[in-house]
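Some notes on the structure that comes next.
Nothing here was measured: the structure is a model prediction, and the numbers come from that model. All heavy atoms count here, side chains included; hydrogens, waters and symmetry mates do not.
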Amino acid sequence: VQLQACGGGLVQDGGSLRLSCAASERTFSQHGAGWFRQRPGKEREFVAALSPSGESTYYADSVKGRFTISRDNAKSAMYLQMNDLKVDDTAVYYCAAGRRGYYTSLKYIYWGQGTLVTVSS
């Protein structure tokens, strides 16, 4: 499965962005999937994840209440709605699928190329 993330950009503090992740195969619907990010000078970290059906969702404490993860299996796509963005959310955001461990771990088989989100003060 190939993943293509898009939707990043420059936004002011308090603004919103919606990231999208398009999968190349319909088998995407069979996989747990998630979003991760890598902030400048830091390691890649978990942001949000969801089960194959989308019924179960998981969030990092730092984004809970501000970000919403969702998926549309009919379109082989996943989304991350980011509201009330903060400067500290500035990062390259990656989508991933094919969970092989805890939803919050980095153990996913398939990774997108990343999309840059920059939040200015």
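Applying the salt bridge (charged side-chain N to carboxylate O under 4.0 Å, His left out) rule to K64 yields the partners D61; only residues at least two apart in sequence or on another chain are considered. Legend: residues meeting side-chain hydrogen bond (donor to acceptor under 3.5 Å, both in side chains) with S16, ordered by chain and number and at least two apart, are N83.
Contacts classified as ring pair (Phe, Tyr, Trp, His ring centres under 6.0 Å) and involving residues 3-35 (residues at least two apart or in different chains) are given here: H31-Y110. The side-chain hydrogen bond (donor to acceptor under 3.5 Å, both in side chains) analysis of residues 111-121, with sequence neighbours excluded, yields no pairs. Annotation: ring pair (Phe, Tyr, Trp, His ring centres under 6.0 Å) contacts involving residues 54-81, sequence neighbours excluded, comprise Y58-Y103. Sorted by first and then second residue, the disulfide (SG to SG under 2.5 Å) pairs involving residues 23-94 (not counting sequence neighbours) form an empty list. Sorted by first and then second residue, the salt bridge (Lys or Arg N to Asp or Glu O under 4.0 Å) pairs involving residues 7-27 (not counting sequence neighbours) form an empty list. Listed by first then second residue, pairs satisfying disulfide (SG to SG under 2.5 Å) with a partner in residues 43-73 number zero, not counting sequence neighbours. Applying the disulfide (SG to SG under 2.5 Å) rule to pairs touching residues 26-71 yields nothing, sequence neighbours excluded. Judged as a salt bridge (Lys or Arg N to Asp or Glu O under 4.0 Å), not a single pair has a partner in residues 110-121 (not counting sequence neighbours).
Here S56 contributes atom OG and I69 contributes atom CD1; the two are 11.5 Å apart, rounded to the nearest 0.5 Å. Going from atom OG of S53 over to atom CG of N73 covers 8.0 Å, rounded to the nearest 0.5 Å. For the atom pair CZ of R71 and OG of S29, the computed distance is 7.0 Å after rounding to the nearest 0.5 Å.
Criterion: ILVMFWY side-chain heavy atoms under 4.5 Å apart, direct or through other members. Under it, V63 and L50 are part of a common hydrophobic cluster. Hydrophobic clustering (side-chain heavy atoms under 4.5 Å, transitive across Ile, Leu, Val, Met, Phe, Trp, Tyr) keeps F46 apart from I109.
The shortest non-hydrogen separation linking S105 to F36 is O-CZ, 3.0 Å. In this structure, A33 and M78 approach most closely via the heavy-atom pair CB-SD, 3.5 Å.
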Atom pairs and distances, donor-acceptor, side-chain atoms in residues 89-99, under 3.5 Å, two or more places apart:
| residue | atom | partner | partner atom | Å |
| --- | --- | --- | --- | --- |
| D89 | OD1 | R37 | NH1 | 2.9 |
| D89 | OD1 | R66 | NH2 | 3.1 |
| D89 | OD2 | R66 | NH1 | 2.7 |
| D89 | OD2 | R66 | NH2 | 3.3 |
| D89 | OD2 | K86 | N | 2.8 |
| T90 | OG1 | V87 | O | 2.9 |
| T90 | OG1 | V119 | N | 2.9 |
| T90 | OG1 | V119 | O | 3.4 |
| Y93 | OH | R37 | NH1 | 3.0 |
| Y93 | OH | D89 | O | 2.6 |
| R99 | NH1 | G101 | O | 2.7 |

Donor-acceptor contacts, no H, no angles, side chain residues 3-10, under 3.5 Å, sequence neighbours left out:
none

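Within a 6.0 Å sphere centred on CD of Q2, heavy atoms belonging to other residues, nucleotides or ligands number 12 at most.
Looking only at side-chain heavy atoms (C-beta outward), T68 and L80 stay at 4.5 Å or farther from each other.
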